[in-house]
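Chain letters run A, B, ... following the sequence lines, proteins first and then strands; every chain starts at 1.
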Number of protein chains: 2
Amino acid sequence: MNIREIAKKADVSIATVSRVLNSSENVSSATREKVLEILRKYEFEMDPWAKRLASKRNKTHLFIMVSRRILKFLDLESNEFYSTVINGTRNTADMNRSVTEIVEMESNLDEEKLKGVDGVLLVGGDTTAEHVRFFKKIGMPLVLVDQYIPTVKVDCIVSNGYDGASYAVKYLISRGLKKIVHIHGFLNHFGFKDRYDGYKATMEQNNLLPKTYEYNDEVMEDMKPLIDKMFNVYGVPEAIFASNDLIAMKAIETLRSFHIRVPEDISVIGFDGIEKGKYFTPPLSTLKVPMREMGSLALKRLLDIVYDQDVYPVRISLFTEFIKRGSSV
Amino acid sequence: MNIREIAKKADVSIATVSRVLNSSENVSSATREKVLEILRKYEFEMDPWAKRLASKRNKTHLFIMVSRRILKFLDLESNEFYSTVINGTRNTADMNRSVTEIVEMESNLDEEKLKGVDGVLLVGGDTTAEHVRFFKKIGMPLVLVDQYIPTVKVDCIVSNGYDGASYAVKYLISRGLKKIVHIHGFLNHFGFKDRYDGYKATMEQNNLLPKTYEYNDEVMEDMKPLIDKMFNVYGVPEAIFASNDLIAMKAIETLRSFHIRVPEDISVIGFDGIEKGKYFTPPLSTLKVPMREMGSLALKRLLDIVYDQDVYPVRISLFTEFIKRGSSV
DNA sequence: TTGTAGGCGTTATCAG
DNA sequence: CTGATAACGCCTACAA
């Protein structure tokens, strides 16, 4: 059943059917009703591929929204993770006749600014339920990138931090290490929370005591007090698993000031797999998140939502890959 | 950059470019090389939507593979969950010029039987890493339905049991109940394991003691001994959260034989949201899994893998929805 | 072995 | 307000 058949049955042209389908204005209500009835009767569902192929004539207009904090880092090109993710989306956008615009995620969102925007990507762990509710209310197609909010049913793309962390812990245990601590960022960022949960659960499954330390990675604060406290209360660990590569590298630097050798005294494993880690001394062991794929997938999913009908919201998790380098045994 | 432009640059027809792209035999190696070079030079990427639209002329041939156990239940139409999921996939297949065939998942898989098959859906919690490895080895596009295996990177569609379970527990707690036990099926089925983890974590977060009982739902064994043991050792709980609706209903029936009233004495919440639960006495509170969407999404994802290039494997989780009915306060 | 041409189902332009 | 028709990018008989 395609619109040609529908047109025949409704005794109108396919152009008219298309207009009804796209709720264009220029259709008399009589004609519209007639077509709608046939549509319902035959339970017509449009072919999304044909729709998009045909739609290629005009560009899809998408917003990539990021918090001021991340945006600042993006400009400085010092946030390799989000830079790479966003490169992935822009690249995919180019191949899909979509034009993207990077926009700051303000606290007071304005419906006016979204005129002509077909869909929105909300990038980063800063995204809150309130942000999501705003876009849902105005019916704007929406995908969260690197953030998941259990209480709001909205599409999102995240990395599988739970299993990645679990893998890291199991790996360290298999190398004979038992005193493994976790240094993590703020847990309202789902990525960090997920890795935290994976670390904790896996430690417990192996009858080891989880020990976690929160570190403010947003300002990259001095880590000496944290390490100091760790050494004094918990003792010197055999391994540190960090929320991400930047925290891991900060930890290694700090340990160095304590005259601790990595990996001889302490193994360190990060998360994300940014390039910088490869050239760090020692090269950083890490769990690699496919950043470009994350961005690319987010964009594709957003287009699915923009063009298809009745897309059920899902959470998409990307597998991570352990990369053994010099910072761990 | 489309194949027409490539054809022009390579000084061949678009048909020839298409043949090269689809590694058809009927191209001289000289021509093929020439085309491949241009393809590489311009980093050509095919438009998947156009490809699929055009491909609609011939049908995609897909296998839906299920274990003998599930297949048996399917025939008896007593396994509403998988029946509905598979209906969802077949429905979506119809709308996508795909022909599906339900095939029993044998232990000794045969490559011969897969001749002419474009992709495979592996349905059910019985799927093992070995199964997956077999298909990956022969390069067969593959999607797991209702099963996730952390150790193998393969596409899969599951329900978000963790958050569903978590929601159920929090709900019961909010109703003033504290003695909440969990009756679950075998934990090698990811769906059950996920719900189990969600139950356990949420209980602990609320400083409540998790208490779990394993029940063999595959043979629907007598539940009296289990309940008996529960009452004797743990005492009478205030609520039971079950791995799925069938287990929940079995529990309610068994409780009845103990002269326990539901929900007055014990609240019971299931999982899945099968129709049967709606007409049960008392009507079953449950977490509804969008079963048709699960099947539909699995098929769409499989087609993505069959037709697109370089698809990075992902896990897709479907949100669940709490449905309050008579079996719980 | 290669090219020509007619779809695939929808959108959008341009007449009427 | 409605209809004809040329795209969109690719595939594949069928012809050469």
Side-chain angles (χ1 to χ4, degrees), chain A residues 1-36 38-39 42-61 94-98 118 303-304 306-309, chain B residues 1-36 38-39 42-61 94-98 118 303-304 306-309:
Chain A
M1 185 62 52
N2 54 32
I3 65 170
R4 188 162 18 253
E5 295 186 58
I6 296 286
K8 201 174 294 167
K9 299 208 191 284
D11 198 31
V12 295
S13 71
I14 60 172
T16 299
V17 177
S18 179
R19 286 190 193 100
V20 171
L21 250 9
N22 295 286
S23 54
S24 157
E25 307 306 321
N26 298 333
V27 185
S28 75
S29 58
T31 311
R32 155 165 290 133
E33 261 324 309
K34 187 170 60 177
V35 173
L36 279 176
I38 304 286
L39 248 23
Y42 291 93
E43 294 178 333
F44 173 78
E45 298 212 40
M46 192 157 31
D47 182 325
W49 301 323
K51 183 188 182 80
R52 286 198 238 184
L53 182 56
S55 303
K56 278 210 159 186
R57 309 155 146 251
N58 17 320
K59 304 211 170 216
T60 314
H61 196 229
D94 289 344
M95 297 169 22
N96 288 283
R97 288 261 206 293
S98 305
D118 300 307
L303 289 177
D304 283 348
V306 172
Y307 285 108
D308 298 1
Q309 39 204 12
Chain B
M1 186 62 53
N2 55 31
I3 66 170
R4 189 163 17 253
E5 295 186 58
I6 296 286
K8 202 174 295 169
K9 299 207 191 285
D11 198 31
V12 295
S13 72
I14 60 170
T16 300
V17 177
S18 177
R19 288 192 191 100
V20 171
L21 250 10
N22 295 287
S23 55
S24 157
E25 307 307 320
N26 299 333
V27 185
S28 75
S29 58
T31 312
R32 157 162 297 149
E33 262 322 309
K34 188 170 59 176
V35 173
L36 280 177
I38 304 287
L39 248 22
Y42 291 93
E43 295 179 330
F44 173 78
E45 297 213 40
M46 192 158 32
D47 182 325
W49 302 323
K51 183 189 180 80
R52 286 197 238 185
L53 182 56
S55 303
K56 278 210 158 185
R57 323 165 129 236
N58 14 323
K59 305 215 169 211
T60 314
H61 196 227
D94 288 344
M95 297 170 21
N96 287 285
R97 288 263 206 291
S98 306
D118 300 307
L303 289 178
D304 282 349
V306 172
Y307 285 108
D308 298 0
Q309 39 205 13

inquiry  = Reading DNA chain D from 5' onward, which residue's closest nucleotide shows up sooner: B/Glu45 or A/Ala15?
reply    = A/Ala15
Protein-nucleotides 14-16 of chain D N/O pairs under 3.5 Å:
none

query = Quick one: A/Ile14 CD1 to C/dG9 C1', roughly how many Å, whole number?
reply = 8 Å
message = OP1 or OP2 of D/dC1 versus the side-chain N and O atoms of A/Thr16: is any pair under 4.0 Å?
response = no
inquiry  = On the nucleotide C/dT11, are OP1 or OP2 found under 4.0 Å from the side-chain N or O atoms that A/Asn22 carries?
reply    = yes
ask   = Rounded to the nearest Å, what distance is computed from the CZ atom of residue B/Arg52 to the C1' atom of nucleotide C/dG7?
value = 19 Å
key: Closest listed nucleotide, where the reference is the side chain of A/Ala54 and the choices are D/dC11, D/dG9, C/dT10   = C/dT10
inquiry  = Counting the atoms with a prime plus P, OP1 and OP2 as sugar-phosphate, which does B/Val12 contact under 4.0 Å by heavy atoms, base, sugar-phosphate, or nothing?
reply    = sugar-phosphate
B/Lys51 side chain near D/dC11 phosphate (N/O to OP1/OP2, under 4.0 Å) = yes
request  = Would you please confirm or rule out a distance under 4.0 Å between OP1 or OP2 of D/dC11 and any side-chain N or O of B/Ser18?
outcome  = yes
Selection from C/dG9, D/dT2, C/dT11 that lies nearest to any side-chain heavy atom of A/Ala50 = C/dG9
task = Give a yes or no answer on whether the side chain of A/Asp304 reaches the backbone of A/Tyr307 with a donor-acceptor pair at less than 3.5 Å.
result = no
Residue-phosphate contact under 4.0 Å: B/Ser55 side-chain N/O, C/dC8 OP1/OP2 = no
ask   = On DNA chain D, nearest-nucleotide positions of B/Asn2 versus A/Thr31: which is more 5'?
value = A/Thr31
request  = Remember a base hit wins even if backbone is also touched, and classify A/Phe44 as base, sugar-phosphate or nothing at under 4.0 Å, heavy atoms.
outcome  = sugar-phosphate
key: B/Asp94, CG atom: more than 12 neighbouring heavy atoms under 6.0 Å   = yes
